[in-house]
Amino acid sequence: MSKTVVIANQKGGVGKTTTAVNIAASLAVAEKRVLLVDTDSQGNTTSGLGFDRNDLGHSLYDFYTGASSMREIIRGTMLPFLKIVPSSVDLIGAEIELVGSDGKETLLREGIRSVSDMFDYVIIDCPPSLGILTLNALVAAQTVLVPVQCEYYALEGLGQLMRTVELVRGSFNPELEIEGILLTMVDMRNTLARQVADEVKKHFGDKVYRTVIPRNVTLSEAPSHGKPVMLYDVRSSGAQSYLALAREVLGGQEMAGLNG
């Protein structure tokens, strides 16, 4: 059985998609079989791996509407161990079409279970809002990885997410746990960034990853080339940070093929 991790924060602009793409790619480089599920209608995770959002054929929308099975919409990527369930703007329609449907909250969970024997990890990127798509992602997951930008409203956004996790745990998914808190866009020369990092660590203790993701221009450039950052520039601080994060997620296991 695979482990399903949702990348979530109801606050936008905190690095969810960057984290989803690059932790998935880093785990794949470690030769873990990874499925990356794009549940955001903006499709940035999809385009970040080189797919044209306007010319997909089948996408997650087709799964939600019953036109395709989960297995039928899985696509290969430039990394042998990484597959993707792509998304397009059509997914906006799924939010509307699913309203009032019985069992709408568990559709993604059932879809992932149908292919779980094919993967070691399933990573889900979700929208920065609490709708049917995000709810499906939280119900499908075993754990939540929370990217947090080191800025003024970070703790407020974290508090909102923790309340949401509690609600989902109480109603749909009692096993849901926090995988970890990831500090993103960090510049430790900035006093506020250091203060926010200290506050997050004070509240969440060892749930905060030792690895932090720095502000790094390469992380911003890589998606425009349709590549994870380690395929765009593996020596960059952004790439090395996500590879270090993968080591933490794997519990310090050897990252095959990355020495040197």
Side-chain angles (χ1 to χ4, degrees), residues 1-9 14-37 45 77 79-84 109 112-113 115-126 137-148 150 158 161-162 165 168-169 173-186 188 197-198 200-214 216 219 228-231 234-260:
M1 289 289 289
S2 57
K3 179 175 184 179
T4 302
V5 182
V6 62
I7 314 296
N9 190 329
V14 297
K16 282 192 303 299
T17 295
T18 297
T19 296
V21 168
N22 289 301
I23 189 60
S26 296
L27 290 168
V29 168
E31 298 185 358
K32 301 299 179 184
R33 300 169 302 159
V34 183
L35 177 64
L36 179 57
V37 182
T45 293
T77 73
L79 289 167
F81 285 86
L82 179 61
K83 309 294 184 188
I84 186 172
R109 179 169 68 190
I112 288 172
R113 283 178 176 173
V115 297
S116 63
D117 60 321
M118 299 167 58
F119 301 99
D120 300 307
Y121 285 89
V122 178
I123 306 295
I124 307 175
D125 185 26
C126 59
L138 290 168
V139 172
Q142 290 150 332
T143 61
V144 186
L145 193 160
V146 190
V148 177
C150 283
L158 260 177
L161 180 66
M162 293 305 150
V165 168
V168 172
R169 190 184 286 146
N173 186 2
E175 309 301 319
L176 188 63
E177 299 290 344
I178 301 300
E179 177 78 19
I181 312 293
L182 176 67
L183 299 173
T184 63
M185 306 181 201
V186 176
M188 284 303 185
D198 289 344
V200 172
K201 289 172 184 174
K202 186 167 72 176
H203 279 79
F204 294 96
D206 60 5
K207 284 292 184 184
V208 182
Y209 290 110
R210 294 187 306 276
T211 301
V212 300
I213 307 302
N216 176 241
L219 285 172
V229 69
M230 61 282 308
L231 292 185
V234 72
R235 294 180 178 82
S236 67
S237 62
Q240 291 300 312
S241 295
Y242 275 109
L243 293 169
L245 176 64
R247 290 188 185 94
E248 280 198 69
V249 169
L250 291 169
Q253 297 175 36
E254 185 69 22
M255 298 284 285
L258 290 177
N259 294 328

Asker: I'd like to check K32 versus K3 (side-chain heavy atoms, cut-off strictly below 4.5 Å). Are they in contact?
Answerer: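 No, too far: nothing below the 4.5 Å cut-off.
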
Asker: Answer yes or no: is there a side-chain heavy-atom contact under 4.5 Å between L219 and I213?
Answerer: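 In short, these two side chains touch, coming nearer than 4.5 Å.
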
Asker: Report the distance from atom NZ of K83 to atom OG1 of T77, rounding to the nearest 0.5 Å.
Answerer: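 One finds 7.0 Å between NZ of K83 and OG1 of T77.
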
Asker: What are the two closest heavy atoms between A28 and F81, and how far apart are they?
Answerer: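 Result for this residue pair: O-CB, 3.5 Å.
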
Asker: Working to the nearest 0.5 angstrom, can you tell me the gap between D120 CG and L35 CG?
Answerer: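 Going from the CG atom of D120 to the CG atom of L35 covers 11.5 Å.
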
Asker: Do N216 and S236 touch side chain to side chain, with heavy atoms closer than 4.5 Å?
Answerer: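 Yes - at least one pair of side-chain heavy atoms lies under 4.5 Å apart.
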
Asker: Sequence neighbours left out, what passes side-chain hydrogen bond (donor to acceptor under 3.5 Å, both in side chains) with N9? Give chain and number order.
Answerer: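 With neighbours one apart ignored, the set is empty.
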
Asker: For V21, is there any backbone N or O sitting under 3.5 Å from a side-chain donor or acceptor partner on D125?
Answerer: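 Answer holds: no.
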
Asker: Identify the heavy atoms of Y242 and L182 that sit nearest to each other, and give their distance.
Answerer: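 In this case the closest contact between Y242 and L182 is CE2-CD2, 4.3 Å.
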
Asker: Mind checking side-chain hydrogen bond (donor to acceptor under 3.5 Å, both in side chains) for T184 and listing every partner two or more places apart, or none if nothing turns up?
Answerer: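 Not a single residue meets the side-chain hydrogen bond (donor to acceptor under 3.5 Å, both in side chains) criterion with T184.
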
Asker: So which atom in M162 and which in I181 form the shortest heavy-atom distance, rounded to 0.1 Å?
Answerer: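 Heavy atoms of M162 and I181 come nearest at CE-CD1, 4.0 Å.
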
Asker: Under 3.5 Å, sequence neighbours excluded: what are the donor-acceptor pairs made by side chains of residues 204-211?
Answerer:
| from | atom 1 | to | atom 2 | distance (Å) |
| --- | --- | --- | --- | --- |
| K207 | NZ | I178 | O | 2.8 |
| T211 | OG1 | E248 | OE2 | 2.7 |

Asker: Over all heavy atoms of both residues, which pair between L145 and P147 is shortest? Give the atoms and the distance, please.
Answerer: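 Heavy atoms only, the tightest pair is O-CD, 3.4 Å.
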
Asker: Mind checking side-chain hydrogen bond (donor to acceptor under 3.5 Å, both in side chains) for S116 and listing every partner two or more places apart, or none if nothing turns up?
Answerer: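 For S116, no residue satisfies side-chain hydrogen bond (donor to acceptor under 3.5 Å, both in side chains) once neighbours in sequence are set aside.
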
Asker: For the atom pair CG (L245) and CG (N22), what is the distance rounded to the nearest 0.5 Å?
Answerer: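 That separation rounds to 10.0 Å.
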
Asker: Restricting to salt bridge (charged side-chain N to carboxylate O under 4.0 Å, His left out), what partner residues turn up for R109, sequence neighbours left out?
Answerer: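 Counting only residues at least two positions away or on another chain, R109 forms no salt bridge (charged side-chain N to carboxylate O under 4.0 Å, His left out).
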
Asker: Between atom OG1 of T45 and atom CD1 of I84, what is the distance when rounded to the nearest 0.5 Å?
Answerer: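 With rounding to 0.5 Å, OG1 (T45) is 6.5 Å from CD1 (I84).
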
Asker: State which residues pass side chain to side chain contact (heavy atoms under 4.5 Å, CB included) with A141; sequence neighbours excluded, sorted by chain then number.
Answerer: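 Per chain and number, A141 pairs via side chain to side chain contact (heavy atoms under 4.5 Å, CB included) with T4, V6, L176.
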
Asker: Less than 4.5 Å apart, any side-chain heavy atom of Q240 and any of V234?
Answerer: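 In short, these two side chains touch, coming nearer than 4.5 Å.
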
Asker: How close do I124 and A140 get, counting heavy atoms only, and between which atoms?
Answerer: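 Taking I124 first and A140 second, the nearest heavy atoms are CD1-CB, 4.2 Å.
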
Asker: Where do V29 and M230 come nearest, in terms of heavy atoms and distance?
Answerer: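 Taking V29 first and M230 second, the nearest heavy atoms are CG2-CG, 4.3 Å.
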
Asker: How far apart are the C-alpha atoms of L82 and L36, what are their side-chain angles, what is the distance that settles it, and do they pass the side chain to side chain contact (heavy atoms under 4.5 Å, CB included) test?
Answerer: CA-CA 7 Å; L82 179 61; L36 179 57; 4.2 Å; yes

Asker: With heavy-atom distances below 4.5 Å as the criterion, would you say the side chains of V122 and V115 are in contact?
Answerer: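 With C-beta onward as the side chain, the pair stays apart.
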
